There are 2 protein chains.
Amino acid sequence: MTSLPTGSLGEVDPTSDRAVFRQIADQLREAIDRGRFREGEKLPSEAELVDHYGVSRMTVRNSFSILQGEGLVHAEHGKGVFVRPRPPVRRLASDRFARRHRDQGKSAFIVEADAAGSHPQVDGLEVKEEKASQDISTRLGSARKVLARRRRYLLDGRPVEFATSYLPLDIARGTQIAEPNPGPGGIYARLEELGHRLDHFEEEIRARMPSPAEVKTLRLASGVPVIHLIRTAYDAEGRAVEVCDTVMAADAYVLSYQLPAN
Amino acid sequence: MTSLPTGSLGEVDPTSDRAVFRQIADQLREAIDRGRFREGEKLPSEAELVDHYGVSRMTVRNSFSILQGEGLVHAEHGKGVFVRPRPPVRRLASDRFARRHRDQGKSAFIVEADAAGSHPQVDGLEVKEEKASQDISTRLGSARKVLARRRRYLLDGRPVEFATSYLPLDIARGTQIAEPNPGPGGIYARLEELGHRLDHFEEEIRARMPSPAEVKTLRLASGVPVIHLIRTAYDAEGRAVEVCDTVMAADAYVLSYQLPAN
DNA sequence: CTTGCCCACTCGTCTATACGAGTATGCCTG
DNA sequence: CAGGCATACTCGTATAGACGAGTGGGCAAG
């Protein structure tokens, strides 16, 4: 007799108001919360739970799908259902675009990742001229055509965010900003060289569930939301000179802001 | 012959690599994106889709559950499945705690909501002394006992966030901060009167799927993540004088921050 | 010993059916 | 006309079964 993998699980009450598959989900959730099943550990298989609870397989799968929607577990075809490990999170400090960080040759992402001991990569770089969407045009003070710089960021091989920078074409065209490699200090350094001394940034933050395309690009597990960050850079004259639209895997980030109390 | 509610939907290819229920979800998603079904509008019923696609009901339900997980639709028992309306979002500006906003008698939440023309409410206020959790204790400079102020916020009857403020007991005990109504300008005004001139705030932002308790408290639809914000207030001496832990319905908020370019 | 295949076990997809419960509508009764 | 009930339609829950496909271990052949 080997020890039962369902050992710490109780029974369900079919006459309860609460649906059986919810009761099962509750028990599994509690077992996970209590550490009965640890991060990365395999939960009992569907068949084992069918036996244990005396319910049909679809009922068990229904329970798993609840926990999956909560981001607590993930299923691997042919292997089992596992407690989803909480990946180490990447902190984004609000001063990451401060001028003092721009003298280095490397981009903010690379510098930070190196400091944290992870292996950073940038991927799928694409630079092209486009017609601005309604939203981007509004944010950029009615610019019609823009230069778009797209790229994806990875940490230790895992995609964690992708971002698109939009700049008014009359600023960026023909400059190094339109080159794949914008040079040391990135496009913000180039903007300042072009006479657009940066004054402040504005960041808008939303959270939502990812679209299928985002799931694919960021290789998101189910039950993982995305953080959608839209940053607008303003120069000293109050002109919006760049909009950066970033979608981040929410389980990979903690954003951090410092606010003065005035 | 009435017009078919499934009119704009195509067929599925059972031999495709892509599972039938995913193909159906894809078609419904696209129809929604294209505006074929508008916000709040009812999608074809399960039975209609069963007829249209020639599949079993569970397959259709599977498709719906995908869209629900994406936060695109929500089901109402006895009525149908509807395109989830995007609720009006509440903007949280990063200067909402600036000293200049504190001279008014009302709290930041009430002032903002009134200005936006919505009806604000505060709910379930609870003030009590507690042993600090490990995390809170660390953030408050190893405080062991704290005063906890919990409350829930609603807009037009809809719960949108709940928050708990933690203050070191040696600061808050016996002051008006420990009263249900902390007086004009809120606890920050009281802290300053007690000699803790506020210097700056630090905010940490995460996004994740809600726990069942959070779903209940915020009456969240499935497929809606929460934004978890942890704010620490520091006085002029660098001491952490308050930690505020806030959980917000992500579909009700856009956070907005202004950052200096330095 | 190594290679390769088979098999057992895992989750993924799909069908068919049944009953329960919430909602809306229209008809029938008073 | 008003009220109430029957009914049809909606989604929710649950069962039982079937086949497919990915994974991994053990066994047999080389």
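Treat the numbers as computed from the prediction; the structure is a model and nothing was measured. A, B, ... follow the sequence lines: proteins, then strands. Residue 1 opens every chain.
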| query | Which is true for A/Arg18 with a 4.0 Å heavy-atom rule: it touches a base, it touches only sugar-phosphate, or it touches nothing? | reply | nothing
| said: Under the side chain to side chain contact (heavy atoms under 4.5 Å, CB included) test against B/Leu49, which residue among B/Leu9, B/Leu43, B/Val55, B/Val81 passes? | reply: B/Leu9
| field | Closest to side chain of B/Ala75, choosing from D/dC11, D/dA14, C/dT15 | value | D/dC11
| message | Whether the side chain of B/Arg57 and the base of D/dG12 hold a donor-acceptor pair under 3.5 Å is what I'd like checked. | response | yes
| task | Please state how far atom CE in B/Met58 lies from atom P in C/dA16, giving the value in whole angstrom units. | result | 14 Å
| query | Between D/dT15, D/dA14, C/dT15, which nucleotide has the shortest distance from any of its atoms to the side chain of B/Val55? | reply | C/dT15
| message | How many whole angstroms separate atom CG of B/Asp17 from atom C1' of D/dG22? | response | 14 Å
| query | Out of B/Arg152, B/Glu214, B/Arg206, which one pairs with B/Val247 under the side chain to side chain contact (heavy atoms under 4.5 Å, CB included) rule? | reply | B/Glu214
| note | Here the distance between atom P of D/dA14 and atom OH of A/Tyr53, to the nearest Å, is 13 Å
| What's the CG-P distance between A/Asp51 and D/dT15, to the nearest Å? | 13 Å
| task | Give the ring-plane orientation class for A/Tyr257 versus B/Tyr257, where under 30° counts as parallel, over 60° as perpendicular and anything between as tilted. | result | parallel
| Rounded interatomic separation in angstrom, taking CZ from B/Arg61 and C1' from C/dT17 | 14 Å
| said: Using the side-chain heavy atoms of B/Ala19, tell me which of these nucleotides is nearest: C/dC14, D/dT15, C/dC11. | reply: C/dC14
| remark: In whole angstroms, the gap separating P of D/dC11 from NE2 of B/His74 amounts to 12 Å
| field | Residue pairs passing the salt bridge (charged side-chain N to carboxylate O under 4.0 Å, His left out) test where at least one lies in residues 15-25 of chain B, sequence neighbours excluded | value | B/Arg18-B/Asp26
| Flag, side chain of B/Glu204 to backbone of B/Arg231, donor-acceptor distance under 3.5 Å | no
| said: I need the CD1-P distance between A/Ile24 and D/dT15, as an integer number of Å. | reply: 8 Å
| query | Any side-chain N or O of A/Ser56 less than 4.0 Å from the OP1 or OP2 oxygen of D/dG17? | reply | no
| Phosphate oxygens OP1/OP2 of C/dT13: is one of them under 4.0 Å from a side-chain N or O of B/Arg22? | yes
| query | Would you call B/Arg84 and B/Asp251 a salt bridge, taking side-chain N to carboxylate O under 4.0 Å as the test? | reply | yes
Which pairs, protein N/O on one side and nucleotides 4-10 of chain C N/O on the other, fall under 3.5 Å?
from, atom 1, to, atom 2, distance (Å)
C/dT10, OP1, A/Ser45, OG, 3.3

| Expressed in angstrom and rounded to an integer, what is the separation of A/Asn62 atom CG from C/dG12 atom P? | 13 Å
| task | Before accepting this row, confirm whether a basic side-chain N of the pair B/Arg208/A/Glu70 lies closer than 4.0 Å to the acidic partner's carboxylate O. | result | no
